[in-house]
Amino acid sequence: MEYNHIEIEKKWQSYWAENKIFKADNHSDKPKFYILDMFPYPSGAGLHVGHPLGYIASDIYARYMRHKGYNVLHPMGYDAFGLPAEQYAIQTGTHPEVTTIKNINRYREQLDKIGFSFDWDREVRTCDPKYYKWTQWTFLKLFNSWYNNTIDKADKIENLIAEFEIYGNKKVNAATTCERIFSSNEWKAMTEKEKSDILMEYRLAYLAETWVNWCPKLGTVLANDEVKDGLSERGGYPVERRKMNQWILRITAYAQRLLDGLETIDWSDSVKEMQRNWIGRSEGASVIFKVDGHEDLELEVFTTRPDTLWGATFMVIAPEHDYVSLITTPEQKTAVDEYVTYAKNRSERERMSEVRHISGVFTGSYGINPLTGAKIPIWIADYVLAGYGTGAIMAVPAHDSRDFAFARHFNLPIIQVVCGNGDQPSDPSTWEESYDAKEGTMVNSGPINGMTVKQAIRNVIDKIEQMGIGHGKVNYRLRDAIFSRQRYWGEPFPIYYKDGIPYPVSEKDLPIELPEVDAFLPTENGEPPLARAKDWTYKGYPLETNTMPGFAGSSGYYLRYMDPHNDNQYFSRQAVDYWRNVDLYLGGDEHAAGHLIYARVWNKFLCDLGLTSVEEPFQKLINQGKIQGRSSFVYRINGTNKYVSYNLKDQYETTKLYVDINIVKNDELDIEAFRTHNPDNKDAEFILEDGKYICGWEIEKMSKSKYNVQNPDDLVEKYGADTLRLYEMFLGPLEASKPWDTSGIEGVSRFLKKLWRLYHDSNNKFCLSNDKPTPEELKVLHKAIDKVENDIKKFSFNTAVSTFMITVNDLAALNCNKREVLDQLTVLISPYAPHIAEELWSLSGHKGSVEYAPYPIFKEEYTREDTFEYPVSFNGKVRFKINLPVNITAADAQKAVEEAPEAQRWLEGKTIRKFIFVPKRILNVVI
RNA sequence: GCCCGAGUGGCGGAAUAGGUAGACGCGACGGUCUCAAAAACCGUUGAGGUAACUCGUGCCGGUUCGAUUCCGGCCUCGGGUACCA
């Protein structure tokens, strides 16, 4: 036995744990570096090879930064509230906490084997009352805050009340849905309930009615994802849109700051772009249309194109719009009711993805264009969403593609009001598509004819503001975040109800712990599971029975790591002043919009309260890709117990069957294992090709039922943690999604053995030379130092592993086992393969861990070259190579090329039109 | 539908700044060592062609002396789409 990974890894893992090598100190003179992974949800299937991908990358970076002299905070914890444990509880009666803790322990065991440098003393779990105390605490702060637009910050609700007491709300500039203006006397005269209702419209955590997908049979609300064709995915029961009272976070108050903050952080352009689109800022105007025959009704629409008001030929309101029942005429009632029912059964997702299927129905009523006085029909259609803008639009078919398609489908008039630059107005009935560009000149628009689009927008906004029928408005696509879930396994709200009015629980009574229930299902009358709890009260009053969503606990966990054992505060001033924010955050890009928006709002809010030091929680973000499964298949000839190899299967009628990837190696089936694996296969026969049974394969999601889940334990046992770490990095670029395939792992394993053998003789005895390295050896070493450090800075770990392989090959070829080379190589490699690095470091006589050894410094003089082989290309076609000094000038290079024998025959009788010289690159000659 | 990505040999992938396409690894083939095997080591390996050379980075087009890289239009796949985590 040569390189014994089992012994080495066990030895160093216990050394790290016993000596608390990775403990981060809140008091240090060193510069800090906070590197964080998105914490996992501990699922029942255990850790699979996809999880460690990001953790290995962050671990490499954390260890690198320790070598670089930073005080590194690198914690890990668990996002432990979630649906799967609750579903399992519903099915089996096992308390979600039991399942969750069991899964956490399993995760921990698996994580430990891979040799991560986490500071486990700082572990957090979102389901731990000591942790969710602070989630509830933050909720109370949100409940007791409003957004003051004047100071552009969250402000205490007491300040708002004080303002109401003195001036009423007329001078208040807040993020609010409250449209009512009241005086201080009116405020004082209000009942407790009225005051509470008014304040709800200002609070950052508020209670309001929203549309949800309700499944009466299951008694729960469903995600859009869980609704297919109007039926619940689970059970196939009917689902309908229904209004429900829910807790909501007023994150839209932060929309502009979320946009502005993107400029200050180091995230990829694509994620920033996704966030910008998610926030969806659009400038336009809110315009009020009267409804013909309903003098009391004002139908407010938002449009980004107020300039096109003269081209509005109809209006569309969402099927859920409050006015539907008010304006539908008796003749249209049947059709409208039918349509509303139809739309009710479709989730927003379905409605958005089926825009090609145009549907809608006329209400029978007409809106009055406030500028032209024209009467235009009001339709209902599901392409208008209740949740965006005002749920009503003015349709300008000539200049909006969806309106255009709708108008064509229902034969509604189309009026051109914008004419492209240099074009003549034309008959829209001949158009194939609408003219959506915000460029051109106004036509058919009365007083604004001849204006540019830009001028017209300004002009119309001024006009409607003067007339009091609308105003310029910035609209965001971002919606307030619904914060209620009708589930058991989540944080209870610290809210109780007295006379139907919600009140906050006193801070000193936190946490409000999850109660025991007899079942994890909704009650018979559709109340959430917490309604089953005995004595679910506070001071004798009923407590809120909803729980918080998954993102509650994950929105501020990075702050708790800074000071995880503090029972008096979320985190101490000292801790947050020292650690400030996360320097490097790693996680999947599936969180680009959701989690990363919520966490940013959470942090900004705490920053407004003066609790955190920096507005943006995550300075740099890296998204690692997903690891997909690679399923293997065997092909059974129908009606037999005979299996035919992949390339011969077309000659037979076969059935494709999943086969466990653990008995397939490089697509070759282990026939013996196949026979013993399942008694049914004991007598299986095989039709082989070249003496082998070759399996088919497909890239799919990793899942138990596809027999393609690779958990890391088996690989760690077989090849060692260092091999797994290197291999996962070697698999491809960190940010790319890639299928898991173990066929290359041998190569990495060979590399480590080769490294080991470089410093061990044939008897596995450590041998090291104290001689000075030769210039050639130093060149190999320093090329590696240069390349690997550049790769680490670019998070290009796959190429770094390639460099290690090349380096060790080169050193082996030179027979180099010099101490000076080993010591530097050990430090260089230790972030990637820490166990073998520790072992070699200790063998070469060092005391203590390699972890804090200074990182090797690249010296260019060892790698500098005198000459360089320049490829020369004539007209981009003929090529040859020419050896020239590195520091050559363009003129000398041209001369050397002209004189080169290879060039002579190409240059004969021709002149050089262009000579392109790029130092240390190709020389290009155009003749 | 909308938003964000990605498509390069048999496979995973490499290619500072637009400059020798295919580094490194796997697999395959050939060889050394061995009684044999394993391990290890050496060589070949994009396609076509004896060769000079030609063709090749999802498809079509453009810019350029030169495009995997930049621009326009598609196709396919992956992620997100607000209650999966």
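In what follows, chains are A, B, ... by sequence order, proteins preceding strands, each numbered from 1. Values reported hereafter were calculated over all heavy atoms of this structure, with side chains retained and with hydrogens, waters and symmetry mates removed.
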Please evaluate the base of B:C3 for a donor-acceptor partner in the side chain of A:Arg276 within a cut-off of under 3.5 Å? no
CZ of A:Arg725 to CG of A:Leu53, rounded to nearest 0.5 Å, is 12.0 Å
If you measure from OH on A:Tyr832 to CD1 on A:Ile56, what distance do you get to the nearest 0.5 Å? 12.5 Å
Partner of A:Phe551 under ring pair (Phe, Tyr, Trp, His ring centres under 6.0 Å), picked from A:Phe483, A:Phe81, A:Trp602, is A:Phe483
Rounded to whole Å, how long is the line connecting atom [atom1] of [X] with atom [atom2] of [N]?
X: A:His51; N: B:A85; atom1: NE2; atom2: P; answer: 13 Å
X: A:Leu385; N: B:G1; atom1: CG; atom2: C1'; answer: 11 Å
X: A:Trp489; N: B:A85; atom1: CH2; atom2: P; answer: 13 Å
X: A:Ile806; N: B:C24; atom1: CD1; atom2: P; answer: 6 Å

side-chain hydrogen bond (donor to acceptor under 3.5 Å, both in side chains) partners for A:Glu273, two or more places apart: A:Arg276
Applying side-chain hydrogen bond (donor to acceptor under 3.5 Å, both in side chains), name anything that partners A:Tyr78, two or more places apart in sequence or on another chain. none
Considering every strand and a 4.0 Å limit on heavy-atom distances, what is the contact class for [X]: base, sugar-phosphate, or nothing?
X: A:Tyr41; answer: sugar-phosphate
X: A:Pro739; answer: nothing
X: A:Ser554; answer: nothing
X: A:Gln87; answer: nothing
X: A:Asp79; answer: sugar-phosphate

Closest nucleotide among B:C83, B:C11, B:A23 to the A:Val221 side chain: B:C83
Closest nucleotide among B:C24, B:C26, B:A85 to the A:Pro84 side chain: B:A85
In whole angstrom, give me the gap between the P atoms of B:C75 and B:C60. 15 Å
Pairwise N/O distances under 3.5 Å, protein to nucleotides 40-42 of chain B:
from, atom 1, to, atom 2, distance (Å)
B:A40, O3', A:Arg757, NH2, 3.4

Using 30° and 60° as the class boundaries, would you call the ring planes of A:Trp740 and A:Tyr727 parallel, tilted or perpendicular? perpendicular
Is [Y] close to [X] at the side-chain level, that is, under 4.5 Å between some pair of heavy atoms?
X: A:Asp786; Y: A:Thr863; value: no
X: A:Trp489; Y: A:Pro529; value: no
X: A:Tyr476; Y: A:Leu259; value: yes

Do the numbers put A:Arg750 on top of the ring of A:Trp756, so that NZ or CZ is under 6.0 Å from the six-membered ring centre and no more than 45° off the axis? no
Write down the protein N/O and nucleotide N/O pairs, taken from nucleotides 76-82 of chain B, whose separation is under 3.5 Å; answer none if there are no such pairs.
from, atom 1, to, atom 2, distance (Å)
B:A82, OP1, A:Arg349, NE, 2.9
B:A82, OP1, A:Arg349, NH2, 2.2
B:A82, OP2, A:Asn224, ND2, 2.6
B:A82, N6, A:Arg477, O, 2.9
B:A82, N1, A:Arg479, N, 3.0

With syn defined as a glycosidic angle within 90 degrees of 0 and anti as anything else, the base of B:G72 is anti
Step through the shown structure and confirm whether more than 12 heavy atoms of other residues, nucleotides or ligands are within 6.0 Å of NZ on A:Lys272. yes
Secondary-structure notation, RNA chain B, from Watson-Crick and G-U pairs under 3.5 angstrom (| other strand): (((((((..(((......[....)))((((((.......))))))(((....)))..(((((..]....))))))))))))....
Counterpart residues, side chain to side chain contact (heavy atoms under 4.5 Å, CB included), relative to A:Ser796 (two or more places apart): A:Asp791, A:Lys794, A:Asn798, A:Thr799
I want to check one thing: is the phosphate of B:A14, taken as OP1 and OP2, less than 4.0 Å away from some side-chain N or O of A:Asn798? yes
Map A:Ser270 and A:Gly550 onto RNA chain B by nearest heavy atom, then report which one ends up closer to the 5' terminus. A:Ser270
